[in-house]
Amino acid sequence: MASSLAHNSILHHVTGKSVYVNDIPLPEGSLHAFPFYSSIPHGRIVSINCHEARKLKGVHSIMNYTEIPGVNQMGPVVHDEVCLAEDYVEFVGQVIALIAADSREIAIKASLLIDIEYEEMESVVLVKRAIEKGVMLKPARKMETGNIEEGLKGSALQLEGEFYSNGQEHWYLETQTALCIPLEGKEMKVFSSTQHPSETQAIVAEVLGIPRHLIEVEVKRMGGAFGGKETQANHIAAWTALLARKTGKPVKMHLDRDTDQIITGKRHAFYSEYKVGFDEEGMLQALDVKLHSNGGAALDLSMAIMERALFHMDNAYYIPNLKVLGHAWKTNQPPNTAFRGFGGPQSIALIENIIDRIARQLNIDSSEIRRRNFYSSGEKNITHYDQKLGKNPLAAIYEEIMETAEYKKRRKGINDFNSQNKWKKRGMSLVPVKFGISFTTSFLNQAGALVHIYQDGSVMVNHGGTEMGQGLHTKMRQVAADTFGISAEKVLISATNTSKVPNTSATAASSGTDLNGKAVENACLTLKKRLEDAFIEKFELHHSEEIIFENNHISAGRARMSFADLVMHSYLQQVSLSSTGYYRTPDIQFDREKGKGTPFYYFAYGMSISEVELDVFTGKHELLRTDILHDVGESINPLIDKGQIEGAFVQGLGWVTTEELRYDEKGHLLTHSPDTYKIPTLDDIPKDFRVAFTKDTANPNNIKRSKAVGEPPFVHGLSVWLALKDAISAVYDHQKEPRLDIPATHEAIVLCLEAMKLTN
Ligand code: MTE
Ligand code: HPA
Ligand code: MOS
């Protein structure tokens, strides 16, 4: 039953009582850790002297890689990333030594007393330089359909160009943190703010050189993650565990904002080159693309992210001849990592920019060019990697949102406004999204759960997913409560713990609810069957009789019992009241060599329309209105889903407008705190914000007929950037193409207008 059950932690969040790692009371004698990291982008460590630092009162330990008992590695997919630098450093922020002290202040002070000498080497910070240098993290990836040469040759019109989108800092409110408590022997308990407890367990075990069963990782919740804690929370946990092992004391590391922003990886910046062929009607014929991402100094998830970028090169459009190459370049930046959308937004921004150019060149409204190219039916409903879309709702969503947002009427209004105003211009744009749901690394699509019913009828659900604010635990509570027909208050979701549910995948790829929901449901169904059997036996019913679990009661005809009574009865009958549950996504496969298959279980769709007003002198703008129509299948929790859509949109809008990562030529991040790195605030959200769900788009085979919602609506933020392009273009009466990369900061907009003065 869909219900907007309030988020599990809502009262605790607003009263400040929710427990994050940093709120856990520390055992007597606990130490505080701080990392000492490289201040240069690339070089050899000539000498390092910790003498003065060690002398500081309150410092307990300073360690480097030579004291790691296990392997000096923390690469998540490929072991190409050292846990602590050895002879060389490869980015500003690379951790070289670890300090444990009585307080964080003392540890920081000690880090300033470490004397290090480097021999600097040539460095590459930005992706364009990396292409010149030519060092890739892995060989390029390709996806191809049709015949690109013939497609381009046969196209009446062609455009070519380049495009750049910058990275993005995650800006989770809770910075990276871990608390490690050494227990008996080599056992250790790790409280971590991680999206991936099983991998955190694995990496901690590896650096300590012990089997995984000695490490228990627990995650009550994260204060936001957004992909930034899919792999890189492992780092903090590994460093903390090393100090805890060495000192034999509980150790906590909680990064301050600036350090977090300097040393952790971010969304990948992408530079792209493209050639597109189309006809006079604006129909796409051929698209030839080279994507280049700034991977940073180690692989991390760069190839999976590039792969998702290749999968989303089409966004919502049928392109008969498509060739896309993806290169992840090695640079002297912290390894870049997962961030909401996982490469999807980067390639979607590119294709949307291309469509925008085509529309301007043909002088046809861009929403119309989009509509014409949507996937539809037959062969025009098959992606470049050969997945059939089945019944796709693009046309229906388009019609509905154009109507409800009064696009045509408002377009006239905008044209009138622009002809009457010289220094203020308005712009509007529609953007669709089609987002593939499943981990593209197919085996990751599995999940487990462990459900206990206690004798009083209260239920404890453990599952492998982690809560980061997205409401996963609330939805899992609904799944369990609905399966047993009991009220949600009777169900508690435990902290995620590797000793309860092992070998889990990261809570990522928007699939937390899909995967864990089915695992929880399966565990509950097993238990329900056992309760049913006990009920049948007690009342001597026929097995064919329908047994109803509803309103905290079980009934069949006149036989009726409360859930709690049946549980107690079953216990006395020696029925097991605990069960695991497991789920793996069926029917998906992908051949990486061929670049063909059915990698996604299904797609989530949506569209948005944004309207802006631009001040031509300053580049400042107001977001007048945004309409979003988004497909969440049959919503499990409409309020949570609406919150996810709004939040994702605003995060997307930040990426495309105000958030700017700027580096000096030495690779120092210049924007590493909120005074220079501007995330969206209340003032930046739409003045008029309308979010609606598509109707009749139930997703029959998924948990409760729902669809994943975490990442897809991030793409709606692009409508703001394209609306800005539209407003800029109005300055020259839509006769000139603005080159507006991402992010379109005020400064970038002014520079774009300046550049347009010089073109014809
Ligand atoms: N919502 C909140 N409040 N905080 C987050 O960190 N992460 C996003 C999204 N929504 C995030 C969020 C990302 S990147 C993903 S992949 C999904 O949530 C993960 O959770 P889910 O799979 O349960 O949707
Ligand atoms: N999304 C998020 N994380 C991932 C993925 C994905 O598709 N594949 C591997 N890790
Ligand atoms: Mo989300 S980027 O898959 O953690």
Side-chain angles (χ1 to χ4, degrees), residues 35-49 64-65 72-75 77-97 111 114-141 162 164-169 232 235 258-259 261-273 290-303 305-306 325-337 346 660-672 676 741:
F36 172 75
Y37 57 82
S38 172
S39 56
I40 65 162
H42 193 197
R44 191 172 70 85
I45 300 174
V46 176
S47 68
I48 174 162
N49 183 341
N64 69 6
Y65 77 96
N72 184 20
Q73 260 306 326
M74 56 180 187
V77 181
V78 172
H79 270 3
D80 69 340
E81 189 177 359
V82 289
C83 179
L84 294 175
E86 299 187 355
D87 299 337
Y88 293 89
V89 285
E90 291 194 301
F91 58 93
V92 173
Q94 183 168 9
V95 175
I96 300 164
S111 78
I114 293 178
D115 199 11
I116 188 161
E117 198 189 321
Y118 304 99
E119 181 187 301
E120 281 206 51
M121 293 158 74
E122 192 194 353
S123 62
V124 174
V125 180
L126 301 178
V127 63
K128 274 186 122 168
R129 270 286 288 135
I131 299 170
E132 289 162 23
K133 281 276 287 189
V135 183
M136 269 187 250
L137 287 164
K138 280 262 199 173
R141 289 286 307 274
E162 49 170 31
Y164 181 76
S165 61
N166 205 341
Q168 186 179 24
E169 158 62 36
Q232 303 207 355
H235 304 182
D258 292 70
T259 303
Q261 237 167 301
I262 290 167
I263 76 174
T264 63
K266 315 197 183 306
R267 180 186 295 286
H268 292 68
F270 268 58
Y271 165 75
S272 320
E273 303 161 279
K290 288 196 188 92
L291 301 174
H292 307 274
S293 75
N294 187 329
L299 187 62
D300 197 274
L301 295 170
S302 290
M303 285 327 281
I305 288 161
M306 181 52 78
L325 280 171
H327 316 75
W329 297 97
K330 179 165 172 153
T331 64
N332 297 103
Q333 279 192 11
N336 286 316
T337 192
Q346 286 93 325
E660 188 179 21
L661 295 170
R662 223 182 243 211
Y663 299 84
D664 68 12
E665 69 286 357
K666 284 280 186 187
H668 296 100
L669 178 61
L670 299 170
T671 52
H672 53 74
T676 45
D741 287 343

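On a predicted model such as this, the values are computed, not experimentally measured, just so you know. In this chain, residues are counted from 1 in sequence order.
For the pair Gln232 (side chain) and Pro335 (backbone), a donor-acceptor distance under 3.5 Å is present. In this structure, the side chain of Lys266 engages the main chain of Gln261 through a donor-acceptor pair within 3.5 Å. Asn332 contributes no side-chain N or O that, together with a main-chain N or O of Ser123, makes up a donor-acceptor pair within less than 3.5 Å. A donor-acceptor contact shorter than 3.5 Å links the side chain of Asn166 to the backbone of Leu661.
Residues passing the side chain to side chain donor-acceptor pair (under 3.5 Å) test with Thr337 are Thr231, Asp300, sequence neighbours excluded. Not counting sequence neighbours, the partners of Asp664 by the side chain to side chain donor-acceptor pair (under 3.5 Å) test are His668. Every side chain to side chain contact (heavy atoms under 4.5 Å, CB included) that Thr676 has, sequence neighbours left out, goes to Thr671, Ser673. Glu81 meets the salt bridge (charged side-chain N to carboxylate O under 4.0 Å, His left out) test with no other residue; sequence neighbours excluded. Every residue two or more places apart in sequence or in another chain that forms a ring pair (Phe, Tyr, Trp, His ring centres under 6.0 Å) with Tyr271 is listed here: His292. Evaluation of the side chain to side chain donor-acceptor pair (under 3.5 Å) rule for Ser293 yields no partner, not counting sequence neighbours. Contacts of Leu126 classified as side chain to side chain contact (heavy atoms under 4.5 Å, CB included), with partners at least two apart in sequence or in another chain: Gln333, Tyr663. Under the salt bridge (charged side-chain N to carboxylate O under 4.0 Å, His left out) criterion, Glu122 pairs with Arg129, Lys133, sequence neighbours left out. Scanning for side chain to side chain donor-acceptor pair (under 3.5 Å) contacts around Arg44 gives Glu119, with sequence neighbours left out.
Note on ring orientation: taking the six-membered ring where Trp is involved, the planes of Trp329 and His327 are parallel (angle under 30°, cut-offs 30° and 60°).
Distance check, rounded to the nearest 0.5 Å: CZ of Phe91 to CG of Asn336 gives 10.0 Å. Atom CG of Asp741 and atom OG of Ser165 lie 8.0 Å apart (nearest 0.5 Å). In this structure, CD1 in Ile96 is found 4.5 Å from CD1 in Ile45, a value given to the nearest 0.5 Å.
Side-chain contact between Pro334 and Ile263: absent, with no pair of heavy atoms (C-beta onward) separated by less than 4.5 Å.
Closest approach of Ala328 to Met303, counting heavy atoms only: CB-SD, 3.9 Å. Taking all atoms of both residues into account, the shortest heavy-atom contact from Ile40 to Ser38 is O-OG, 2.6 Å. Scanning all heavy atoms of the two residues, the minimum distance from Ile262 to Tyr37 falls at CD1-OH, 3.8 Å. Between Pro41 and Val92, the shortest heavy-atom contact is N-CG2, 3.6 Å. Heavy-atom minimum distance, Thr331 versus Ala130: CG2-CB, 3.6 Å.
If you run side chain to side chain contact (heavy atoms under 4.5 Å, CB included) between Leu291 and each of His268, Met306, Glu273, only Met306 comes through.
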Candidate pair Val89 and Tyr118, rule side-chain contact (heavy atoms from CB on, under 4.5 Å), full reasoning: CA-CA 9 Å; Val89 285; Tyr118 304 99; 4.0 Å; yes
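Sorted by first and then second residue, the side chain to side chain donor-acceptor pair (under 3.5 Å) pairs involving residues 84-96 (not counting sequence neighbours) are Asn72-Glu86, Glu90-Lys330.
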